[in-house]
Structures are given as C-alpha cells and as structure tokens.
Visitor: 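One structure coming up, written as structure tokens, with questions to follow.
Just so it is clear, the values below take in all heavy atoms, side chains as well, and ignore hydrogens, waters and symmetry mates.
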Amino acid sequence: MNDKKDRILGLIPVDWRYDLTSLPYVRRMFKSRWMPFLPIVLNLFVFTVILMAGLTGGVSAGNYNFGIMFVWIVWWVLLMMVMVPVFSRIWCMVCPLPAFAEWMQRGSFLGVRKKLIGLNKKWPKPLKNMWLMNFLFLATTYTTGFITTRPLATFILLMSIIVGSIVLSMIYERRNFCVYGCPVSGFQGLYSNLAMTEIRAKDPEVCKNHKLRECVIGNEKGYACPWMQTPFSMKRNTYCGMCLECFKTCKYDNMVFNLRAPGTDLLVDEKRGLDEAWKAFIMLGISVFFFLIMQGPYGILKDWANANTIEGYLSFVGIHSVFNLLLLPGIFLVFAYASQVLGRKDVPLKKVFINFSYTLVPLGLMAWIAFSFGILFPNSSYVLHVISDPFAWGWDLLGTAKFPWTPFMTGVMPYFQIGTLLLGLALSLDIGFKISKQTFQNREEAVRGYYPIAVFLTAATMFLIWLFTG
Amino acid sequence: MKKDKLLMGILVFIMLAGLPLMLAQSEEPKEYVIPIEAKQFSYTPNIIEVNKGDRVTIRFISTDVHHGLYIDGYELETNARPGQDGSITFVADETGKFAMRCSVTCGSFHPYMIGYLKVKPDYRLFGSIWLALGILIGSVILVSRRQKP
Ligand code: SF4
Ligand code: SF4
Ligand SMILES: [Cu+2]
C-alpha cells in the first residue's frame, strides 16, 4: 500500500522530479569522458598532499597536520553535511583512492577498452551485501583514537584503501571493492537514500525497447556499469557510485540526474535487508560513541580509545561493539515487536523490524550532521593554519600559518544541532508512517503499528539532544 | 479512537507538567571559586554546574603540561603551566551547557580535551525536549486524523 499522492513532510510529492540534465551544459558535461576524470585528478593532487603530510607527520599531534585536518575536518564535514544529504554518492564520483585500480584495470585513463585487465572474477555471492562493510567500518572506528589524531594512522588507513582497491581490482571485475569492500562505502550507500538527487533512467519505455542494454554491457562510448548496477531499472541510490558511465553509454540520452524530495528511496521496498538494518544501527550508535570520545567530558573514555592500557582499549572495543551490534538493535526489536502486536500479528516480525529500521536513516544522518557542527564551529580554524604550512616545515603559503585556533559561533552551535536533530525526527516520523503503510494492510493497522516506532524515534531524538547540548 | 485520545492526553500532560520546570525561579545568585585541574586529556572536575546569575571564578591548574581552557559561548580563555595557574571570572548569565575546551596544543588528544560548564536552569534543553514531544504529538494527530472509510 503506497500512496502516489504522498508528500515528504507534507510538502514535496514523493514522485516529484526535476531533471538537472535537461540543462544542456550539464548533460554535455556528464557525457564527456573528462567527467569525472578531471575532478578525480584534482582530488588526487589534494590527497597526495594529505598522504605526504600523513607520512611526514608521523605520530605528532594531529591538530596542526594537513592530512588529519583535511580528512577529518574538511572531508568528513563536507561528506556528512553536504555531499551525502544533497548529492548522494558524489564523493565516490570524485574519489581518488580507487582511481589507480580503475586505471590499471582499464589500461587507460580516458579511452574505452573492450577488455578489462585482471582476472575479472565475479564477486562471491555470500558477500553481495553490506555485512563486510558493516564490520570493516566498525573495525575502523576501533582505531578512531589514532586515525583522527596521528597523521601516520590516517596515512595507513588511506593507503590500505588504495592498496585494497588495487588488489581486489586485479582479482574481481570492475569496482567490486567500492561496491562491497570500502569501509566508508556502506554508510554512504545507506544514507544516500535520503539524498535530494538521484541518477535514474527517465522513460522506462525507451529502455524496454532497447534490447541491447548498453548501460549494462557497455559500448564504445563508455564502460558497462562499473558498480554492477542495471542503470535502466535502478530504483535506489545505495549502490550507484555516480561514475556517469551510463550517461555515456546510453545513446538515447535516457539517463538523467534528478532533483527530488529527500528520502524517497527509503520508501522503495526492494532489496531491503538485515545488512542495511544493521548499517543503520551501527551508524546511529557510532555517532553516540564518537560524540562521547571526541566531544564528551569523560577522560577515561579518551584513555580507553587512546589505548593507554590494553584493558582499557579492549573495554572500549567490547562495549562499543556490543552496544552497536546487539544492544541498540535489541532495544529496537522491542519496539518493532510492539508495533507488530499493535499492527497486525501475521506480518512477520522480521519484516516489521527490517522495514522500520529504515526510519533510522534520517535521524542517523542528522545526528552525524549535528556531530559535525561540533567539529566545524570549534575547530575549522585549524584548516587555515595547515593550508599555509601543510608539512609543518615552517612554510606560510597563504600567510595564514600563524592564524591562532579560533572557535567561532560556539554560542549558537547548540541551536544548529537541536534544529538539525528535530528536522531528523520530523523526517524519520514522516518516513516512518509511510513505511508503516507499506508494512501493514490498512490504514488503521498502519496507524497503530506506527505508534511504538514514533515513540522510539522521539526518545532517541531527545536522548541525542540531551547528549549533544544538555 | 479512545486509545488515541488517551495516548494524546498522556503526551499533552507530560508537556504541561514540564512547564513549571521551565518557569522555575532560580535562587539568589551566589559566588563561587572553582578550582579546575587539567591533566592530559581531561579536566577535574569535568563538569561544573552553577545557577544563572552566579559569579564564578575558575582557578585553572595544570599538573603536567601547558593546557588551556576556552569556554564556548562565553568566549573566555585562560591557560596554565604547572606551577603557573590561570584564572577566569565571569557572571554566568547565559544558561545551557557549554563545552570547556583545551586551547593549547598539549598532545595527540588535545582537540578532545573537553569539560562542561552547565548553567541552570537549562531553558534550551527543556524547550527542545518540549519541541520534540510537540513534533511527536503533531505527527500522531496527523496520522490518526485523516480516517477515510
Ligand atoms: S566506495 Fe570508497 S573507495 Fe570507492 S569511491 Fe566510494 S569512498 Fe572511494
Ligand atoms: S548506474 Fe552505474 S554507470 Fe550509472 S552512474 Fe551509477 S554506477 Fe555509474
Ligand atoms: Cu590540554
């Protein structure tokens, strides 16, 4: 049961779209083979500096290191506040980390070759989901005390992504590393469901009559979808890396880049699963832990995350994992059960649980945005320092090397955080009821089944508001 | 429908019950001298609580390296080396929670060296909890209202 007339927050119709590629220069740009090659190369330059700064910075304090500051302030904040919520996986479009792998595989920078270099194996079936990325990302957060404070640790993290992507690209076909293996891919995928833009086929009729499906198999203009999607029938942003190949391969110009209401993918009842549900829990839980470690007042947690003692570090890893993998999903299960009991008992609990887990996406992303305000306002002045002296060699490229640490707008910061979280709640509730209508059979059941979830979401929001600002 | 009304009644009651807390008068302003000790990478005490209007003097002591103390919102700063204390005096006229951050690079976890200043009553917290409840109530009313046969 899904209303065509449904609106997101009562404002924008779920099926409203504005085709940005109807602007001729946007389409021309997307069809050029220089896109996204050029931004990748520019980005590669920035990341080369980041890697060099990471290597030369060693284990010195990270707040005056270009690598640490660019990755964890500029990149992270832009990613969470702008890229994912507005432009979906635009980061993956311009990400330089797997570029070497892709160029090696293609044996070309710009041209289109028929055969890919490497073994080109298919990705193993049991790994065709988010579980690997769930565990890899969780494992990455075990090292948060290092990667965000020691330049060398950030260097190692980025290098392992580069090396990992190269190794996997020589064994498996196309960008399987990005689709199923990159630690930061999973949450971008899940949270991109909330994005305000999407890449889709415009007219299904055109695709139906195009038996060759060149977006899937590739042609002389472009490669087969490197992310193993079927562009002509794609319904969610989750696994579309926005590489733009399908704009080049489609000779009918039927691929479009749409503006849309946020969150419409969350209503697409396709390929929902426990892997994505857990991604939602893990991300929400990590936002709490990251806040406690980075912006909380408890020294003991910092000592734990900093691995001052082995016992402390193991306690951190243990509590962090149990909370994210078991406790949070467990609490949610209770509410999902209540929803099933109130709604309709013959709808499987698993379905209720999975469907409603997608309501955590808006609130989760907004929690990350609220968290990111707590980095942006107090600490962005460090960036001025590091762009003038990226390697701590006493340079002063832009004359800002002596700029002191200057927090700004810290007085109004909590209001930004509260506003963001309340917006997240409103969006989550809105999506929540729509999902409830999909899950149960009629409106009355949907209303009743919605209550427990609404209570959970509100309680979670209040907790986050209290944690961040109270 | 009865259950809905009951649920709504409870929620509205909670919201109204919260009001007196928000409007509660604070006590007479007091004067405090609060020593805060800094050590990589935390403050002791890590949370200080005062009431609106109190006059607060923080004596800032470091027991290992050079640390600082910057108070969000109040935009006040001091710093201390071992044996050389710092101090800040201010009237706590802004309510809410404010992070106190280390302002002198003191080691790897320096950006995470944080304490809290809480000035009661926290209208902002009450207000936002209240708003969250309001959104819940609004949503419940919206979804249970449009009953088409
Ligand atoms: S999946 Fe990871 S490595 Fe691949 S493009 Fe996205 S961020 Fe970069
Ligand atoms: S559908 Fe495939 S080819 Fe098209 S932009 Fe997304 S990842 Fe690239
Ligand atoms: Cu310090």
Side-chain angles (χ1 to χ4, degrees), chain A residues 10 59-64 145-146 148-150 293-303 305-306 374-375 377-379 382 404-405 407 410-415 418-419 421-422 425-426 429-430 432-433 436 443-444 446-448 450-451 454-455 457-459 461-462 465-466 468-470, chain B residues 3-4 7 11 39-48 68 70-75 77 94 96-116 118 122 124-140 142-148:
Chain A
V59 292
S60 64
N63 53 312
Y64 282 130
F146 304 97
T148 63
T149 61
R150 272 83 160 182
I293 291 169
M294 300 182 194
Q295 299 175 32
Y298 308 107
I300 179 145
L301 264 179
K302 295 166 210 263
D303 291 345
N306 203 8
I375 301 177
F377 290 129
N379 288 331
Y382 283 132
W405 175 72
T410 48
V412 291
M413 181 175 85
Y415 295 97
I418 291 166
L421 287 167
L422 290 177
L425 173 63
L429 290 176
D430 188 51
F433 183 60
S436 196
R443 192 173 176 111
E444 226 159 88
V447 169
R448 289 197 309 262
Y450 166 71
Y451 290 152
V455 169
L457 291 167
T458 310
T461 307
M462 288 178 181
I465 289 178
W466 169 78
F468 286 14
T469 73
Chain B
K3 259 194 237 148
D4 295 345
L7 184 71
L11 288 171
K39 189 167 176 258
Q40 282 171 332
F41 296 96
S42 57
Y43 299 109
T44 320
N46 56 352
I47 300 172
I48 57 178
Y70 171 90
I71 306 180
D72 273 14
Y74 285 83
E75 299 183 1
E77 202 259 348
E94 301 275 342
K97 181 181 91 176
F98 304 91
M100 306 188 288
R101 306 167 189 279
C102 185
S103 55
V104 177
T105 304
C106 59
S108 58
F109 260 52
H110 153 69
Y112 305 154
M113 184 160 169
I114 280 173
Y116 289 158
K118 291 186 174 180
D122 192 345
R124 189 174 66 207
L125 182 63
F126 286 128
S128 43
I129 297 285
W130 213 68
L131 272 174
L133 267 180
I135 292 177
L136 174 64
I137 293 174
S139 162
V140 165
L142 273 178
V143 303
S144 50
R145 190 191 53 179
R146 284 175 294 176
Q147 298 272 3
K148 275 175 231 133

Visitor: So for Ser436(A), is it side chain, backbone, both, or neither that comes closer than 4.5 Å to the heavy atoms of chain B?
Guide: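 When you check distances to chain B, no heavy atom of Ser436(A) falls under 4.5 Å.
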Visitor: State, yes or no, whether a side-chain contact exists between Trp405(A) and Arg101(B) at a heavy-atom distance under 4.5 Å.
Guide: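 Trp405(A) vs Arg101(B): side chains touch.
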Visitor: Answer yes or no: is there a side-chain heavy-atom contact under 4.5 Å between Phe468(A) and Lys97(B)?
Guide: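 Side chain of Phe468(A) against side chain of Lys97(B), heavy atoms only: no contact under 4.5 Å found.
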Visitor: What residue, out of Ile375(A), Thr148(A), Thr461(A), Ile300(A), has the most heavy-atom pairs lying under 4.5 Å from chain B?
Guide: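 Of the options given, most contacts go to Thr148(A).
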Visitor: Which region of Trp466(A), side chain (C-beta onward) or backbone (N, CA, C, O), has a non-hydrogen atom less than 4.5 Å from a non-hydrogen atom of chain B, or is it both or neither?
Guide: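 For Trp466(A), the contact with chain B is made by backbone and side chain together.
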Visitor: Measure distances from Ile135(B) to the heavy atoms of chain A and classify the residue's part below 4.5 Å as side chain, backbone, both or neither.
Guide: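 Its backbone and side chain both get close to chain A.
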Visitor: Return the option, out of Ile418(A), Leu429(A), Asn306(A), with the maximum number of heavy-atom pairs under 4.5 Å with chain B.
Guide: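 Counting heavy-atom pairs under 4.5 Å, the top option is Asn306(A).
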Visitor: Only pairs of heavy atoms separated by less than 4.5 Å count here; which of Gly299(A), Pro407(A), Gly432(A) has the most with chain B?
Guide: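 Option with the greatest count: Pro407(A).
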Visitor: Check whether Leu125(B) gets within reach of chain A through its side chain, its backbone, both or neither, counting any heavy atom under 4.5 Å.
Guide: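 Side chain only.
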Visitor: For the residue pair Thr149(A) and Tyr112(B), confirm or rule out a side-chain donor-acceptor distance under 3.5 Å.
Guide: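 No, no side-chain donor-acceptor contact under 3.5 Å.
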Visitor: What part of Leu422(A) lies closer than 4.5 angstrom to a heavy atom of chain B: side chain, backbone, both or neither?
Guide: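 When you check distances to chain B, atoms from both the backbone and side chain of Leu422(A) fall under 4.5 Å.
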Visitor: Tell me, side chain or backbone of Ala99(B) under 4.5 Å from chain A's heavy atoms, or both, or neither?
Guide: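 It is neither, since no heavy atom gets under 4.5 Å.
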Visitor: Does some side-chain heavy atom of Ser42(B) sit less than 4.5 Å from a side-chain heavy atom of Lys302(A)?
Guide: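 No. Closest side-chain heavy atoms not under 4.5 Å.
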Visitor: Under a 4.5 Å cut-off applied to non-hydrogen side-chain atoms, are Tyr70(B) and Pro378(A) in contact?
Guide: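 Side-chain contact under 4.5 Å: no.
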Visitor: For Phe146(A), which atoms come within 4.5 Å of any heavy atom of chain B: side chain, backbone, both, or neither?
Guide: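 No part of it gets close to chain B.
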Visitor: Given that the side chain runs from C-beta out, which part of Phe377(A) has a heavy atom under 4.5 Å from chain B: side chain, backbone, both or neither?
Guide: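 Neither part.
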Visitor: Tell me which of these, Gly411(A), Gly296(A), Ala454(A), has more heavy-atom pairs under 4.5 Å with chain B than the rest.
Guide: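 Sorted descending by pairs with chain B, the first entry is Gly296(A).
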Visitor: I need the minimum non-hydrogen distance between Gly145(A) and Phe109(B), along with the two atoms involved.
Guide: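 Taking every non-hydrogen atom into account, O-CE1, 3.2 Å.
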